[in-house]
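First comes the structure, then the notes that go with it.
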Amino acid sequence: MVPLALVVAAFIAYSVPPYLTLDPARSRVPAPPGFTQHYWFLVAHIAFGTVAIVCVILQIWPWLRRTHPVVHRRVGRVYVFAGAIPSAVLAATVGAVSPFGPVVAALDVVAALLWLGFTIAGWRAIRRRRYADHRKWMIRSFAMCMNTLMSRALSPLGFLLVLPRGGDKGAMILSAATVSASLSILTLLLLSQWWLDRKPKKPATAR
């Protein structure tokens, strides 16, 4: 939990400050032509996304779930309704007009819809007291919540993969963004499924 929390804290410290001034000139995502409200959609997505990523770290903390179940439930509601759902809807809106090309735009929308669907499925499962299903869907929701962080982390790998092919700088940026976005979604989905399918180790006394 500590390394994961530190990575998330570093990601927030790097990503959020430019948007605290509410100055569109400091945005790291260029606004597409004709979408005058793009910046404000982006700021809202980042605000809700920050709530989501902080809450989800608390939600997967085993100690908190075991010792403070009431806190776990309350933070879970904040994650779902003040974090994941609004952030995913805004991510799909902003992602559909991504400046990094149509493939990245499609991948951003798919990732946002997966995050939205997994979160709603997890919420419905817990409402029906289907605890095992709730756990599975929320682990997948956690995975998609990490998508932006993972894609940024994989960006250097994307550049290394497209660098040998050469080309102009703009084309290389688009290609690297496509590679990192694709790898991010695939990696997170595969890791979350591996986590769900793994066999937990038996206690020493049982062995």
Heavy-atom nearest pair, Phe48 first then Ser87, reads CB-CB, 3.7 Å
Can you find a heavy atom in the side chain of Tyr19 that is under 4.5 Å from one in the side chain of Leu42? yes
Exercise. Has the side chain of Ser141 got a donor or acceptor atom that lies under 3.5 Å from a matching backbone atom of Trp137?
Worked result: no
Review point. Hey, is CZ on Arg74 packed in by over 12 heavy atoms from elsewhere, all under 6.0 Å?
Key: no
Would Val56 and Val8 count as a side chain to side chain contact (heavy atoms under 4.5 Å, CB included) here? Give the steps. CA-CA 11 Å; Val56 84; Val8 168; over 6 Å; no
**Asked** Is Ile85 linked to Val94 within one hydrophobic cluster, defined over Ile, Leu, Val, Met, Phe, Trp and Tyr using a side-chain heavy-atom separation of less than 4.5 Å?
**Response** yes
Rounded to the nearest 0.5 Å, the OG1 atom of Thr178 sits from the CG atom of Leu161 at a distance of 12.0 Å
So do the side chains of Leu114 and Asn147 get within less than 4.5 Å of each other, counting heavy atoms only?
no
What one should report as the nearest heavy-atom pair of Ala143 and Leu188 is O-CD1, 3.1 Å
With heavy-atom distances below 4.5 Å as the criterion, would you say the side chains of Ile57 and Met1 are in contact?
yes
The reported gap from CD in Gln193 to CG in Leu189 (rounded to nearest 0.5 angstrom) is 9.0 Å
Worksheet item: Does Met146 share a hydrophobic cluster with Val51, counting links as ILVMFWY side-chain heavy atoms below 4.5 Å and allowing steps through other members?
Response: no
Worksheet item: Can you find a heavy atom in the side chain of Thr93 that is under 4.5 Å from one in the side chain of Phe35?
Response: yes
Under 4.5 Å between any side-chain heavy atoms of Val16 and Phe11, yes or no?
-> no
Between Ala177 and Phe100, the two heavy atoms sitting closest are CB-CB, 4.0 Å
Interatomic distance, CD1@Ile53 vs CG@Leu149, rounded to 0.5 Å, equals 5.5 Å
Item to complete: If the plane angle is over 60° it's perpendicular, under 30° parallel, otherwise tilted; pick one for Trp115 and Tyr79.
Response: tilted
Would Arg65 pass as a cation-pi partner of Trp61, given that its NZ or CZ must be under 6.0 Å from the six-membered ring centre and within 45 degrees of the axis? no
Check your understanding: Are the side chains of Ile126 and Arg73 in touch, meaning some heavy atoms are under 4.5 Å apart?
Key -> no
Check whether Trp123 and Val70 end up in the same hydrophobic cluster, where Ile, Leu, Val, Met, Phe, Trp and Tyr are linked by side-chain heavy atoms less than 4.5 Å apart. no
(message) Assess the residue pair Val78 and Gln59 against the criterion (side chain to side chain contact (heavy atoms under 4.5 Å, CB included)); give the C-alpha distance rounded to whole Å, side-chain angles, the decisive distance to 0.1 Å, and a yes or no.
(response) CA-CA 11 Å; Val78 175; Gln59 288 302 92; over 6 Å; no
Distance col, row Thr119:OG1 vs Arg124:CZ, nearest 0.5 angstrom, shows 13.5 Å
Rounded to the nearest 0.5 angstrom, the CE-OG distance for Met144 and Ser184 is 6.5 Å
The reported gap from CG in Leu116 to CG in Leu90 (rounded to nearest 0.5 angstrom) is 11.0 Å
(message) Donor-acceptor check, side chain of Ser98 to backbone of Gly95, threshold 3.5 angstrom: yes or no?
(response) no
In short, Val109 meets Ala92 closest at the heavy-atom pair CG2-O, 3.6 Å
**Message:** Less than 4.5 Å apart, side chain to side chain, heavy atoms only: is that true for Leu174 and Val104?
**Reply:** no
Heavy-atom closest pair (Ser15 atom, Pro18 atom, distance to 0.1 Å) is O-CD, 3.5 Å
(Q) Donor-acceptor pair, distance only, cut-off 3.5 Å: does the side chain of Arg135 make one with the backbone of Ala132? (A) no
Would you check if Leu157 and Ser180 make a side-chain contact, meaning some heavy-atom pair closer than 4.5 Å?
-> no
Enclosure of Trp40 CH2 (heavy-atom neighbours >12, cutoff 6.0 Å): yes
**Prompt:** Are Met150 and Leu190 linked, directly or through other ILVMFWY residues, by side chains that come within less than 4.5 angstrom of each other?
**Reply:** no
Review point. Is there a chain of hydrophobic side chains (I, L, V, M, F, W, Y, each step under 4.5 Å between heavy atoms) that links Trp194 to Ile60?
Key: no
**Item:** Over 12 non-hydrogen atoms of neighbours within 6.0 angstrom of CZ in Arg129
**Value:** no
On a heavy-atom basis, the closest approach of Gly158 and Val179 is CA-CG1, 3.9 Å
